[in-house]
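Heavy atoms only: backbone and side chains are in, while hydrogens, waters and symmetry mates are out.
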Amino acid sequence: MDIDIKGIVIICGNYGSGKSEIAVNFAAQSRLKGMEVKITDLDLVNPYFRSREARVALERIGVQVVLPDRQYMHADLPILAPAVAGMIQQPAELTILDVGGDDVGVTVLAALGNYLKQKTVHMLQVINLFRPNTGTVEGCLKIKQEIEASSKMKITGLVSNANLIDETTPEHIYKGYDLVKAVAKATGLKIEFITASSQMIPKLDMDRFHCPVLTIDRTLVPPWKKPLII
């Protein structure tokens, strides 16, 4: 089952939910399927797991990566390059915006409101039940409300990214999927896809899922670990 999302896609969620890993892998896999893909890193919160760290690998396969000017590459200020507004005004077949965690991280979207309101936008909430505050339906709904209030935008779809990194088991993936199904029922939102590492895919009973599965290869890791290469 393929992920059927095109146009402008905003990846949001609570801190540490795995948004940037999803953004990078979704961009890479979509490009390898022949799609025109652009991605911009608007994550101004997390100092390590930013999609900008995968720039070279993404550009190597033909993904257009839009970033702030070099002097602002490591800034934690909401400095938006004109190119970001430009990519929204003229989006690719798939244009991905990777934003920061929690309600603080998505405030940058308010600055782009005039551009985004003219477009059809998919805003996906990433849920990892093993992160703080998102282990229950109530917690996920609270995060959703906070993100929507700060961004002045509505979440349109859900993504389950249940993992404990190297300790993840198939049961963790199933449990995460069950949680997101409950959130979908409570909100009326669609589960756009769930994620699983390439090592985990062979161990899963894929018949349990009624949505696409995005295969994740870890490319963004802290400085003390070695990433996989796209």
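At least one donor-acceptor pair under 3.5 Å links the side chain of N161 to the backbone N or O of S17. Proximity of a side-chain donor or acceptor of R31 to a complementary backbone N or O of I61 within less than 3.5 Å is detected. Here the side chain of S160 pairs no donor or acceptor atom with the backbone of V180 at under 3.5 angstrom. Although no hydrogens or angles enter the test, the distance criterion places a donor-acceptor pair under 3.5 Å between the side chain of E148 and the main chain of I155. A donor-acceptor pair under 3.5 Å is formed between the side chain of T168 and the backbone N or O of I165. Remark: side-chain polar atoms of E59 are not paired, donor with acceptor, to backbone N or O of Q64 under 3.5 angstrom. Not a single donor-acceptor pair under 3.5 Å links the side chain of K19 to the backbone N or O of V126. Remark: the backbone N or O of N128 is paired with a side-chain donor or acceptor of T134 at under 3.5 angstrom. A distance-only check finds no donor-acceptor pair linking the side chain of Y115 to the backbone of M87 [under 3.5 Å]. T156 places a side-chain N or O within donor-acceptor distance of the main-chain N or O of M123, the cut-off being under 3.5 Å.
Contact annotation: the side chain of V9 approaches that of L94 to within less than 4.5 Å [non-hydrogen atoms, C-beta and beyond]. Looking at heavy atoms from C-beta onward, I8 lies out of side-chain contact with H122 at the 4.5 angstrom threshold. Taking the side chain as every heavy atom from C-beta outward, I143 and Q125 approach each other to under 4.5 Å. A heavy-atom distance below 4.5 Å is not found between the side chains of V37 and L58. Taking 4.5 Å as the limit, some side-chain heavy atom of P170 sits within range of a side-chain heavy atom of M200. Considering only heavy atoms from C-beta on, P212 stays 4.5 Å or farther from E192 through its side chain. Looking at heavy atoms from C-beta onward, T195 lies in side-chain contact with V159 at the 4.5 angstrom threshold. Looking only at side-chain heavy atoms (C-beta outward), H210 and Y177 come within less than 4.5 Å of each other.
Distance CG/L42 to OG1/T40: 4.5 Å, rounded to 0.5 Å.
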Hey, mind stepping through I88 and L112 against side chain to side chain contact (heavy atoms under 4.5 Å, CB included) and telling me if it holds?
CA-CA 9 Å; I88 294 172; L112 295 169; 3.9 Å; yes
Check against side chain to side chain contact (heavy atoms under 4.5 Å, CB included), V84 and L97
CA-CA 9 Å; V84 175; L97 280 62; 5.7 Å; no
Steps toward salt bridge (charged side-chain N to carboxylate O under 4.0 Å, His left out) verdict (E171, K175)
CA-CA 6 Å; E171 288 304 319; K175 189 174 180 180; over 6 Å; no
Please step through side chain to side chain contact (heavy atoms under 4.5 Å, CB included) for the pair L164 and H172, ending with a clear verdict.
CA-CA 8 Å; L164 289 171; H172 293 140; 3.5 Å; yes
Step-by-step side chain to side chain contact (heavy atoms under 4.5 Å, CB included) determination, S30 to K6
CA-CA 10 Å; S30 297; K6 295 182 180 179; over 6 Å; no
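Scanning both residues, T215 and S197, for their nearest heavy atoms gives CG2-C, 4.3 Å. Nearest heavy atom pair, residue P202 against residue S198, reads CD-O, 3.4 Å. D217 and E21 make their closest contact through O-OE1, 3.7 Å (heavy atoms, listed as atom of the first residue, atom of the second, distance). Nearest heavy-atom pair across V137 and A182 is CG2-CB, 3.6 Å. The shortest non-hydrogen separation linking I96 to A23 is CD1-O, 3.8 Å. The nearest pair of heavy atoms linking L109 to V99 is CD2-CG1, 3.7 Å.
The local environment of NZ in K154 is sparse, with at most 12 non-hydrogen atoms from other residues, nucleotides or ligands closer than 6.0 Å. In this structure, K203 places its NZ atom where only 12 or fewer heavy-atom neighbours from other residues, nucleotides or ligands lie under 6.0 Å away. Atom CG of D205 has more than 12 heavy atoms from other residues, nucleotides or ligands within 6.0 Å. Atom CD of Q89 has more than 12 heavy atoms from other residues, nucleotides or ligands within 6.0 Å.
In this structure, F193 and F26 have tilted ring planes: the angle between them lies in the 30° to 60° band.
Linking Ile, Leu, Val, Met, Phe, Trp and Tyr residues whenever their side-chain heavy atoms come within less than 4.5 Å places I194 and M206 in a single cluster.
The side chain to side chain contact (heavy atoms under 4.5 Å, CB included) with K144 is formed by just one residue from the set N14, V183, T187; it is T187.
One finds a salt bridge joining K142 and E146 here, because a Lys/Arg side-chain nitrogen approaches an Asp/Glu carboxylate oxygen to under 4.0 Å.
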